[in-house]
Number of protein chains: 2
Amino acid sequence: MLDVARTAQVSVATVSALINGTTRVSPALTQRIEAAISAIGYERNAIARSLKLGATNTIGLMVSDIRNPFFTDIVATIQYALNRVGYAVMVCSSDENTELQDMQIKLLLDRAVDGLIIAPAGEDVMLKDFLASVRRPMVIVDRTCEGLDVDTVTLDNRKAVLDATSYLIGLGHRRIGYIAGPLITSTGRDRLAGYRDALAAAEVPYVDELVQDGDSREAGGYRAAMQLLTQRDRPSAIFSANNLMTIGAMRAIRDAGLSCPDDISVACFDDFPWADVFRPHLTTIAQPVQAIGEYAANLLLDRLSGKADEAPRRLVIQGRLIVRESCRALARP
Amino acid sequence: MLDVARTAQVSVATVSALINGTTRVSPALTQRIEAAISAIGYERNAIARSLKLGATNTIGLMVSDIRNPFFTDIVATIQYALNRVGYAVMVCSSDENTELQDMQIKLLLDRAVDGLIIAPAGEDVMLKDFLASVRRPMVIVDRTCEGLDVDTVTLDNRKAVLDATSYLIGLGHRRIGYIAGPLITSTGRDRLAGYRDALAAAEVPYVDELVQDGDSREAGGYRAAMQLLTQRDRPSAIFSANNLMTIGAMRAIRDAGLSCPDDISVACFDDFPWADVFRPHLTTIAQPVQAIGEYAANLLLDRLSGKADEAPRRLVIQGRLIVRESCRALARP
DNA sequence: TTGTACGCGTTATCAC
DNA sequence: GTGATAACGCGTACAA
């Protein structure tokens, strides 16, 4: 910029004024400066600018598993919403690994991001303390982080699973297997709570062995389903608490030589972008993913534009049970 | 840092030396400085550091559609590979839109990324000229950009489709529909060329109406397949040139009341992470996605570490035809 | 081993 | 409308 100023025989202040439009610059100088800029091939140094301005116009986004279609969609939506208003997005995926997660957040913070959107992999003590010490605008999405007073966008997981389980019960099912996500996540806990709520409401006894941990990945879902399917008194229905585990569960059902919904009913959490390639079409709880992403982006944008000390806002979105063809009514004995 | 120095009664140089480990600092001062750091809650200003060092340790990654599982995987792999060595990744998705693409790349460049990895949405003239003017390390992945002399990682698309089409021909198919990706992309062109190669090699005439544009998205694949299926002399097989289009095509086949592979054989490009939820299991060309991502990351890392003026390297990876159950041999009339 | 002083490229403030 | 200059916070010669 100094070079430009020299070439155009003006001061750097004038060049800066022109570039940023802060002040009117006379046509004569404007022309000289623009000529100098293209002659030299000058490009504004964004780092110096950020140093001066104290903002990078960049936000950090950390999800627990970017390959999970749900999070892919979240990332895409947020990235798009933020780009539109001039923010760049730095993305990390913790792969459901709490240690990696801490490292990645540090990496993000170390890049001086203006704000953070986080879908926590789980609540190790570290994370909570750590995030609490971060003084930058932040919103937590999908899963909450107990005791952390920041903006959040979450689904009403408990209610959603209550609905789905009640639907299964309404169909006559009593032994309903449940493939659970990690209980270190709020989603894992809330969804399980919804399952128990439904059982309690219908006075169906809760059976420990019907709840199997699926660790939120496909392989875990497979194992959990197998566990369920090989019990002497096999459940007549299974609820799977997220999309990837469902894929594993469906595979297990096939491998066990069973057929859904003829031998066993399946309902699950999370709809798929390509739901109809699945056979049978799955009855699921759909999350309004795009809306969730937009809300998260907007909450952060609000914080970024000054609303620093308002009380945290906690948005809770309702899921929607989509009945398709993977559940069958149980003939009463 | 100045505050830390004052609190610890030392100079900023000493603090800096301790933090970066450039010089040995006496134990006494070390202790005082560390105490001061945690007392004040000091955090190094990454922007000032970048300004001084001239590097952000951040790279920009632009893909044409982050929701496409292929690119999701690319993003995840690259992000992981680069994070491991201390780089953060700024992600953009152009949504197969060349205008958006230009904007996003500008956004990335404006954040002073140290390097760029790009999967181009298409080659508008803009892009080529624009990228040529970028003086930062760069690697192009998946699709090439004609006339741009930079490192690239691509699949041998032509050969892969040649193999798949030849396989179909070997099964006795003569009327083979082809659902094409955009011809403004190198992948679109190369894959189509492979199809023609196979026909030519087997002396099967090329028929214009058997090639339908699917624009690389699901909806386009559906339309293209429908077009093919409603022709008076319906093709006995279809090759679909990417994953999303395949999903659309399978849907079209169902909607047309046809069954695969009984009524029509299907082979396609790109394997799916969850290939076995598809019915029937699809015969596809699998790309070694992770390897592609790793290669791209490594090429960039090489450039970043000084190999600035070596000749561009062009890695070409071989695809692999995975025969499953979506293709059937045609009974000779 | 430690301290001083300068430069990185901008932008904002104030004089002119 | 324009120009001089002081920060922004860090790394690093160079001097002590």
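Keep in mind that the numbers below use all heavy atoms, side chains included, and drop hydrogens, waters and symmetry copies. Convention: sequence-line order gives letters A, B, ...; per-chain numbering from 1.
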Roughly how far, to the nearest 0.5 Å, is the [atom2] atom of [Y] from the [atom1] atom of [X]?
X	Y	atom1	atom2	answer
B:I59	B:M138	CD1	CE	12.5 Å
B:R217	B:D65	CZ	CG	4.5 Å
A:D151	A:R314	CG	CZ	8.5 Å
B:E96	B:Q101	CD	CD	9.0 Å
B:R44	B:S16	CZ	OG	9.0 Å
B:I66	A:T72	CD1	OG1	6.5 Å

In whole Å, I'd like the distance from the [atom1] atom of [X] to the [atom2] atom of [N].
X	N	atom1	atom2	value
A:N20	C:dG9	CG	P	17 Å
B:L53	C:dG7	CG	C1'	13 Å
B:I37	D:dC10	CD1	C1'	14 Å
A:R6	D:dG3	CZ	C1'	15 Å
B:L18	C:dT2	CG	P	10 Å
B:L2	D:dT12	CG	P	18 Å

Subject >> side-chain contact (heavy atoms from CB on, under 4.5 Å) partners for B:T23, two or more places apart >> reply: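 Applying side-chain contact (heavy atoms from CB on, under 4.5 Å) to B:T23 gives B:A17.
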Subject >> Pairing residues for B:T77 by the side-chain contact (heavy atoms from CB on, under 4.5 Å) criterion, not counting sequence neighbours >> reply: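 B:T77 satisfies side-chain contact (heavy atoms from CB on, under 4.5 Å) with A:R67, B:D73, B:Q290, B:E294 only.
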Original post:
Any side-chain N or O of B:T14 less than 4.0 Å from the OP1 or OP2 oxygen of C:dG3?
Top reply: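 It does, given that an N or O in the side chain of B:T14 lies less than 4.0 Å from OP1 or OP2 of C:dG3.
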Please tabulate, for the side chains in residues 114-122 of chain B, all donor-acceptor contacts under 3.5 angstrom to protein atoms that are two or more places apart in sequence or on a different chain.
{"residue": "B:D114", "atom": "OD1", "partner": "B:T56", "partner atom": "N", "Å": "3.0"}
{"residue": "B:D114", "atom": "OD1", "partner": "B:T56", "partner atom": "OG1", "Å": "3.1"}
{"residue": "B:D114", "atom": "OD2", "partner": "B:T56", "partner atom": "N", "Å": "3.2"}
{"residue": "B:D114", "atom": "OD2", "partner": "B:N57", "partner atom": "N", "Å": "2.6"}

Original post:
With side chains defined as the heavy atoms from C-beta onward, is the minimum distance between B:T7 and B:Y42 less than 4.5 Å?
Top reply: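 Not in contact.
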Subject >> Student check: side-chain heavy atoms of B:V150 and B:V139 closer than 4.5 Å >> reply: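 SC-SC contact between B:V150 and B:V139 ruled out.
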Contacts under 3.5 Å, N or O only, protein and nucleotides 4-9 of chain D:
{"residue": "D:dA7", "atom": "N3", "partner": "A:K52", "partner atom": "NZ", "Å": "2.9"}

Original post:
Looking across every strand, which nucleic acid part, if any, lies under 4.0 Å from B:I47 by heavy atom: base, sugar-phosphate, or nothing?
Top reply: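 Touches nothing.
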Original post:
Using the C1' atoms of the five pairs at each end, what is the angle between the end axes of the helix from C:dT1-D:dA16 to C:dC16-D:dG1, to 10°?
Top reply: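 Both end axes considered, the difference amounts to 40°.
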Original post:
Where along residues 23-32 of chain A does a heavy atom come under 4.0 Å from DNA chain D, residue by residue in number order?
Top reply: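 Those residues are A:T23, A:R24, A:V25, A:S26, A:L29.
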